[in-house]
Amino acid sequence: MDLFVTRVSDFQIPDIHLLSDHIIPHLLEEEKTIERQGDAYSMRGKTGYHSRDNLCGINSEWSENLKLVLHAMIQEHAANEDQAIPPAHLCRIACWGMIMRAGDHSVFHNHPSARYSGVLYLKVPPGLDKREGELVFVDPRTQTRVGKYYDHHVFHRIHPVPGEGWVFPNWLDHYVEPHFCEGERISLSFNLIYM
């Protein structure tokens, strides 16, 4: 019996450039057309960009392929939990891009109103040090947040790698550490929302 396990699934997308070669220019172009309005959602910093959540709903081949890739990741995660999700055409996958530059980060949050959530990395600065730009999951059991082992057991850190993706329950609290080297850390965040 597993009483206190939170399933988090990891994925490798070997040909990530087939998506990122289209998505990154789209995000950079979209960023030019939208006036920055301070902190967006969980993102903090002076130079980051949080796109609209429609990346799986754009009328283009790359957008359709992105939806299929994300749906396959979510579907496999759900199957490992003995759950099923509807086919891709019956699901809405809200997906947005996050461009983080030096000093940008994401505060402690979760994703309400979704079934599953996830992240897929597209680009990482070449000089990224350990603990910089990391996705940090927080143990949902509040009792683990006290005592001498607090830091060792409460936080699970994931160093970003292009082509690597993660799917997790929407309620799992997480945040993103800032990085301080030159370059952009570009990722996609997504939520499965049944139609």
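Residues take their numbers from the sequence shown, with the count starting at 1.
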**Request:** Apply side-chain contact (heavy atoms from CB on, under 4.5 Å) to Gln83 and list each qualifying residue two or more places apart in sequence or on a separate chain.
**Result:** Ala78, Glu81, Arg115, Tyr116
**Request:** For the pair Asn80 and Glu76, evaluate side chain to side chain contact (heavy atoms under 4.5 Å, CB included) and give the outcome as yes or no after the intermediate values.
**Result:** CA-CA 6 Å; Asn80 288 331; Glu76 184 175 327; 4.1 Å; yes
**Message:** Is it the case that the side chain of Arg185 and the backbone of Gly133 share a donor-acceptor pair, with hydrogens and angles ignored and the cut-off at 3.5 Å?
**Reply:** yes
**Asked** Do Met98 and Ser189 come within less than 4.5 Å of each other through their side chains, counting heavy atoms only?
**Response** yes
**Prompt:** Shortest non-hydrogen contact from Cys95 to Leu188?
**Reply:** SG-CB, 4.0 Å
**Asked** How many angstroms lie between atom CD1 of Ile74 and atom CG of Leu192, to the nearest 0.5 angstrom?
**Response** 4.5 Å
**Request:** Check whether any side-chain heavy atom of Phe155 lies under 4.5 Å from a side-chain heavy atom of Val138, and answer yes or no.
**Result:** yes
**Asked** Heavy atoms, side chains only, cut-off 4.5 Å: are Glu164 and Ile158 in contact?
**Response** yes
**Prompt:** If you measure from CG on Asp139 to NE2 on His156, what distance do you get to the nearest 0.5 Å?
**Reply:** 11.5 Å
**Prompt:** Which heavy atom in Tyr49 sits nearest to a heavy atom in Leu27, and how many Å separate them?
**Reply:** CE2-O, 3.9 Å
**Message:** With a 4.5 Å cut-off on side-chain heavy-atom distances among I, L, V, M, F, W and Y, is there a chain of contacts connecting Val124 to Val119?
**Reply:** no
**Message:** Applying the side chain to side chain donor-acceptor pair (under 3.5 Å) criterion to Glu177, which one of His159, Arg157, His105 satisfies it?
**Reply:** Arg157
**Request:** Please work out which of the three classes, parallel, tilted or perpendicular, describes the rings of His50 and Trp96, given edges at 30° and 60°.
**Result:** parallel
**Message:** Quick check: is Trp171 connected to Leu135 through a chain of hydrophobic side chains (ILVMFWY, heavy atoms under 4.5 Å apart)?
**Reply:** yes
**Item:** Steps toward side-chain hydrogen bond (donor to acceptor under 3.5 Å, both in side chains) verdict (His174, His111)
**Value:** CA-CA 10 Å; His174 56 284; His111 297 224; 3.1 Å; yes
**Request:** For His77 and Ser9, work out which heavy atoms get closest and say how close.
**Result:** ND1-OG, 2.6 Å
**Prompt:** Taking atom CG of Asn54 and atom CD of Glu30, what is their separation to the nearest 0.5 Å?
**Reply:** 6.5 Å
**Request:** Please report the shortest heavy-atom distance between Ile16 and Gly163, naming the atom on each side.
**Result:** CB-CA, 3.7 Å
**Prompt:** When hydrophobic residues are tied together by side-chain contacts of less than 4.5 Å, even through go-betweens, does Phe190 share a cluster with Ile24?
**Reply:** yes
**Asked** Should Met100 and Phe137 be counted in the same cluster of Ile, Leu, Val, Met, Phe, Trp and Tyr side chains packed under 4.5 Å apart?
**Response** yes
**Asked** Do the side chains of Phe108 and Val136 get nearer than 4.5 Å, heavy atoms only?
**Response** no
**Message:** Suppose we screen for salt bridge (charged side-chain N to carboxylate O under 4.0 Å, His left out). Which residues come up paired with Glu182, at least two apart in sequence or across chains?
**Reply:** none
**Asn170 side, atom CG; Asn110 side, atom CG - distance, nearest 0.5 Å** = 7.0 Å
**Prompt:** Any sub-3.5 Å donor-acceptor pair from Glu132's side-chain atoms to Phe180's backbone N or O?
**Reply:** yes
**Request:** Look at the side chain of Lys67 and the backbone N and O of Cys91, then say whether any donor-acceptor pair between them is shorter than 3.5 Å.
**Result:** yes
**Prompt:** Is any side-chain heavy atom of Glu184 closer than 4.5 Å to a side-chain heavy atom of Leu28?
**Reply:** yes
**Message:** Keeping Ser63 on the side-chain end and Ile58 on the backbone end, is there a donor-acceptor pair under 3.5 Å?
**Reply:** yes
**Prompt:** Quick one: NE2 on His179 to CZ on Arg101, what's the gap to the nearest 0.5 Å?
**Reply:** 9.0 Å
**Asked** So, the side chain of His71 versus the backbone of Ala88: is there a donor-acceptor pair under 3.5 Å, distance only?
**Response** yes
**Message:** Any non-hydrogen side-chain atom of Asn65 less than 4.5 Å from a side-chain atom of Leu18?
**Reply:** no
**Prompt:** If you group Ile, Leu, Val, Met, Phe, Trp and Tyr by side-chain heavy-atom gaps below 4.5 Å, do Val8 and Val176 land in one group?
**Reply:** yes
**Asked** Can you find a heavy atom in the side chain of Gln12 that is under 4.5 Å from one in the side chain of Val161?
**Response** no
**Prompt:** Hey, what do you get for CG (Leu120) to OG (Ser187), rounding to the nearest 0.5 Å?
**Reply:** 8.5 Å
**Request:** Find out whether Arg92 and Asp53 are in side-chain contact, i.e. whether some heavy atom of one side chain is under 4.5 Å from a heavy atom of the other.
**Result:** yes
**Prompt:** What are the two closest heavy atoms between Leu55 and Gly97, and how far apart are they?
**Reply:** CD1-N, 3.5 Å
**Request:** Grab the two heavy atoms, one from Trp62 and one from Leu19, that are nearest each other, plus how far apart they are.
**Result:** O-CD2, 3.8 Å
**Message:** Can a donor-acceptor pair be found, under 3.5 Å and without considering hydrogens, that links the side chain of Arg44 to the backbone of Tyr41?
**Reply:** yes
**Request:** Consider only side-chain N and O atoms of Asn191 and Ser117, and report whether a donor and an acceptor are under 3.5 Å apart.
**Result:** yes
